Structure formats: structure tokens, C-alpha cells
Chemist: 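Below you'll find the structure I mean.
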Amino acid sequence: MAKKVALLQGNEACAHGALYAGAKFFGGYPITPSTEVAEVLSIELPKVGGKFIQMEDEIAAMASIIGASLTGAKVITATSGPGVSLKQELIGYACIAEVPCVIINVMRGGPSTGMPTGPGQSDVMQARWGTHGDHAAIALVPASCQEIFTETVRAFNLAEKYRMPVQVLYDEIVGHMRERIVFPEPGELEVIDRAKPTVPPEQYKPYDTSFGDVPPLAAFGSEYRFHVTGLNKAQDGFPTTKAEYVDAEERRQISKVENEKARADIESNEEYLTEDAEVLIFAYGSTSRSARYAVNELRKEGIKAGLFRPITLWPFPEKRVALLGKQVKAIIVPEMNLGQMNLEVERVVKGTCPVISIGRVDGEPLNPGQIIAQVKEVK
Amino acid sequence: MAKRIEIRFSGAGGQGLITAGIILAEAASIIEGKHAVQSQSYGPEARGGASKSEVIISDAPIDYPKATIVDACLAMTQESADKYANGIKAGGVLLLDSDFVSREPQGDFKTYKFPITRTAKEEIGREIVANVVALGAVVALTEVVSREAGEQAVLAKVPEAFLELNKKAYNLGYDKVKELLK
């Protein structure tokens, strides 16, 4: 039988990806330009036995998904930059308490209320360091409607597998444009559920590292009872200030994402004509589409341009970008902010090549012409 | 390289031109299996003021999703003609509602016009289908999708009670332009 296809907005594709992944709870507060995610889920979640709640604000929305996740459900919220700002304290809570959850950020201009209907990419550093304290972060940056579907599924998988918040960031352009989506059949994409305890309730500890870097998570409401707190805690979940516990726990919560094996599992990139590239464009989200257009135009003129497109933005693809930095004459970083990922590229190439930022924050798309002009200046 | 065709629908917010763009993108990508991206103006101006919808169609995957140089542009009102009938490529086409656009945009492109909204009102009996008349006209003018694919996409979009009305509107727009092209 032919697969189901539809012309969908990026935001609609996100909602359908969440359903495919098995989401059972959405708690949110409407905000431009993300609202269609909530709109679709408000219709579809009840049909699959899920719950949709419009909370009183963004903070409560984040609290609601943490609570729902602790009952064993796969959870999601969708918002934009101002909403993510409000959620930050609780994102940190989900990090330290190790609660799986998916946060969609459809990026608009900022800071503050900024430009609600204009596209932006200015929340990429917020996704890494928005909440206080040392912590790991996973952020995915899809660039097409189909990819929003698959990356939303992957966000759920990573949240469940690594027991932590995962953010999916895409700009208003990709969120609101429509493209054909081919719906994957059930079973076609991998769907991961969190590890459940294998020990009897009386032996269960929510942070028991004898099961590995990511301890199994029991569900509230089941026969398992445990303590959850935002304080530094021992393996039994109760607060502690003992130096050796605190240090070990902090380090584990970062290394569970940043160790070699986890990085290989989480990182995802696309490279286009990088083999012989002399000028590399590092671009993500809708800007990567402008960059690909630019690469094609430049190649017609005999200029060896290539594109590196991170699909996982955090953890940052350090090794590959550092290697490319040694190969090319320059790396150009176009983004709809004033040079946020440019800083990260600079950090990892360590001066082996110039890193040039193209920033755009006027609410207009960063177009191929701007990138072409900048590449031509390199020589 | 694959041919990339860019089409812009513009008019007053609420006239259904975003819907017209969506239907064209569905005709191209769902029915004909090509690649298509549809986007629209977004923001306070989308209600009442000038509004636009852009559709990019190609045989190959589409990278930049916004218009670069427009092959065909539709303007249903003076305001939308002033604001959006630009960036049309040399040899491209502009289609106007002649009742509402008196100051015609000038450039190195061919302009076609007929009273689109009045045609919907007088010949179909419903002004509300002016967007579907316009869609038929754009398909006839550009042949970016087949007449049949366009019709099929229209019929897939509208409620059953309005199938005949919209079918008539689409074909009327198509035939009007084919006459202009004779």
C-alpha cells in the first residue's frame, strides 16, 4: 500500500512526529510562531488516550510536563524564545532530576518579546547554557518539514534514552512553510522507551549507577516510591551535600551525554561537497537551505564551496569541525543572530582558519546572495 | 540543474490566496510527485492588508524556500500589486484583477488581466471563489502543473457541498486565460 503523504507545515509535522514517537502528554501555553504544534496535538492526543492541557503560563507548562513524565508518560511542550526563557529554572530541574522531556522552540526574533512573527535563530546558545549550573544539553536543529518529523521522533528517543530534557529548535521559516511529508509506517523509525527498574520496589534507587550512566526510571503511581528534588542528591534520590556524591553525580550527568559512545549516538550532521571544499559554510535550520543554494551557485562559477550542516547542534560536532578547519581556507557561519554558533566554531578550530560570521536579525531570511558575496571575498 | 519555478499569489488578506498557494503546492507535490514548498506572509498584515503566498516547484529537492526571482505573479488588489509585483524575472508573467489594479506595475515581463473577482461573482455567482478562479488562471498561464492535477487538488481541498462550484470556478479561470493567450 502506498504510504500516506500530505503537504504539512513544519509545526504540524512536529506534532505528528510526537504522536509517532508515542507522546501521551502536552502541557503548554500558546505562543507565536509555535502554536500549530499545540493546535494539532490538542486535537490528536485525546484520540490516542493522551492528555492535552493549556496551562496558565510557560512556567506551569514546563512543570506539568516534568510531572507527567515522572508518571511514565512521554511528554512534550512547544514554545518560542520568550517561553523558553521562562522555563529555564525548570529545565535545570529536569536536568538534575533526570526527567525525560521534549521542548520544541520555534525561534523568532529576540530578546524579550522581540519580533513575534519574524524568524530568528538567536536561541541556540540559550539551548546550551540557558539554565544555570553545569549540565549537559542535547539540541536538534532540523531544516525541512520531513526532518522536523524525524528529529522530533529522535528527540523523544534521546530524552528517554539519556533521561533528560531534549530541545528541538527550528526557525519560523521552517515552522510555517509547507512541504510534502511521507509518513513513516509504524516500526519504520526506531522508537525508544525509557529503561524501567528491574529490581523490586524496596531495592529501587532512582539514581543507582550500578545500572550504568543512565539509571532506570520508575513511574510515579506504580508500586515504586521514590524522592525527586532539585537539590544535589545521592543515589537514593534524597538530598546530600557530601562532596564525593555531589562531584560524582555532576560529572556523570555531563559525561552520560558527552562520552565518546554517547556522542557517536547523538551527533548527526550532513555534509555537502565538503571533500574538496576550500571555503566551508557552517549553517543550520533554514539558513542551511540558503547555504546549499549558495554552494550550488558558487560551484557553477568554479568556486569550491561546501556545506557542513549540523542536525544535532548540541553536543557540538567538535572533532569534525576541527578537522574541516584544517582543510579549508575559511569557515563562514551565516545565522539569524549576531554570531552565536560562530563563537563555537571559532572555539573548536582554534585559529587554524579564519571564521567569518554573517548575522541577520532584521526579521528577513538570510538569503543565498549574502552568503555568495561573503564567500567571494575569501581568497 | 533542475528547473525551479517560483509563483507568487498576492491580494488582500482573507481573499484565500494562501489557500490558492497551498492547493497549487498540493497539486505539484502530492498529485504530480514533484518537489514543492509553500510559504506565506505572516504577521499582522495578513488580515486585511496585502497578503502573499509563494510556491516554489522543482523536479529536484528545493533548498532556499523563499522566492528569489519570480516566474509568475498574481495581484488581486492595487496594494498587493504595489507591494508584491516585484522581483519578476525578465520574460516572466504578471496576472492582474483588472477591476482592482489601475496602476499597473511596469517591468520586463508580460502582463495579463481580466476582472477576476467580478468573473467569480457574475459567472459563478459567488465572489468567494475568486481565489479558485485565479488559481485556474495561474495554472493556465504557467502550466506548472497539468490542468487535471490542479482540478484534482482543488476538489481534494473543498467540502463536498462546494465541489461543483469550485470545479466550475477553477475551469473558468483556466479557460479565461487560455482565451487571452490565443
Side-chain angles (χ1 to χ4, degrees), chain A residues 2-12 32-33 35-36 106 108-109 115-119 143-147 171-182 272 283 285-297 299-300 307 309 334 363-372, chain B residues 1-4 6-9 13 17-47 49 51-70 87 145 149-150 152-154 156-157:
Chain A
K3 283 187 184 168
K4 189 183 161 199
V5 294
L7 188 81
L8 292 186
Q9 281 192 322
N11 283 340
E12 295 167 331
T32 295
T35 304
E36 294 84 3
V106 190
R108 65 195 219 186
M115 193 159 31
T117 57
S144 69
C145 296
Q146 185 80 46
E147 199 169 74
D171 49 81
E172 182 274 331
I173 294 172
V174 197
H176 278 149
M177 71 187 196
R178 289 180 176 85
E179 286 181 308
R180 177 179 51 206
I181 300 286
V182 181
Y272 182 60
S286 76
T287 308
S288 70
R289 301 175 67 124
S290 304
R292 199 179 167 103
Y293 187 105
V295 167
N296 286 331
E297 293 297 313
R299 287 271 170 175
K300 281 187 210 161
L307 169 67
R309 180 172 78 90
E364 293 298 320
L366 202 154
N367 62 53
Q370 287 177 271
I371 300 170
I372 291 167
Chain B
M1 255 184 93
K3 198 161 159 57
R4 174 183 165 114
E6 305 186 351
I7 296 172
R8 180 180 293 150
F9 296 80
L17 296 163
I18 291 177
T19 305
I22 292 171
I23 295 173
L24 180 62
E26 285 176 336
S29 74
I30 307 294
I31 294 166
E32 293 196 339
K34 293 174 180 159
H35 293 270
V37 179
Q38 181 274 339
S39 63
Q40 65 253 323
S41 53
Y42 180 59
E45 78 276 14
R47 298 280 182 277
S51 151
K52 72 166 170 174
S53 173
E54 288 174 351
V55 183
I56 320 265
I57 297 171
S58 176
D59 297 327
I62 293 161
D63 33 46
Y64 188 58
K66 301 278 183 178
T68 54
I69 182 153
V70 177
V145 296
Q152 210 182 320
V154 169
K157 197 80 186 169

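Throughout, protein chains are lettered first and strands after them, A, B, ... in sequence-line order, and every chain is numbered starting at 1. Predicted, not measured: the structure shown is a model, and the values here were computed from it.
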Chemist: Check whether A25(B) gets within reach of chain A through its side chain, its backbone, both or neither, counting any heavy atom under 4.5 Å.
Modeler: both

Chemist: Would you mind telling me which of A36(B), A28(B), S39(B) has the largest number of heavy-atom pairs within less than 4.5 Å of chain A?
Modeler: A36(B)

Chemist: Got a salt bridge between K34(B) and E26(B), using NZ or NE/NH1/NH2 to carboxylate O under 4.0 Å?
Modeler: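 Salt bridge between K34(B) and E26(B), a charged N being under 4.0 Å from a carboxylate O: no.
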
Chemist: Given that the side chain runs from C-beta out, which part of L366(A) has a heavy atom under 4.5 Å from chain B: side chain, backbone, both or neither?
Modeler: backbone

Chemist: Mark yes or no for whether Q9(A), through its side chain, and M177(A), through its backbone, hold a donor-acceptor pair below 3.5 Å.
Modeler: no

Chemist: Are the side chain of R289(A) and the backbone N or O of Y64(B) linked by a donor-acceptor pair below 3.5 Å?
Modeler: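 Flag not set: sc R289(A) to bb Y64(B) has no pair under 3.5 Å.
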
Chemist: Quick one: what part of E54(B) sits under 4.5 Å from any heavy atom of chain A, side chain, backbone, both or neither?
Modeler: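 No part of it gets close to chain A.
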
Chemist: Would you say the side chain of L24(B) lies within less than 4.5 Å of the side chain of F9(B), judging by non-hydrogen atoms?
Modeler: yes

Chemist: Using the six-membered ring of Y272(A), assess whether NZ or CZ of R309(A) lies under 6.0 Å from its centre and within 45 degrees of the ring axis.
Modeler: no

Chemist: Can you tell me which portion of A143(A) sits under 4.5 Å from chain B's heavy atoms? Options are side chain, backbone, both or neither.
Modeler: neither

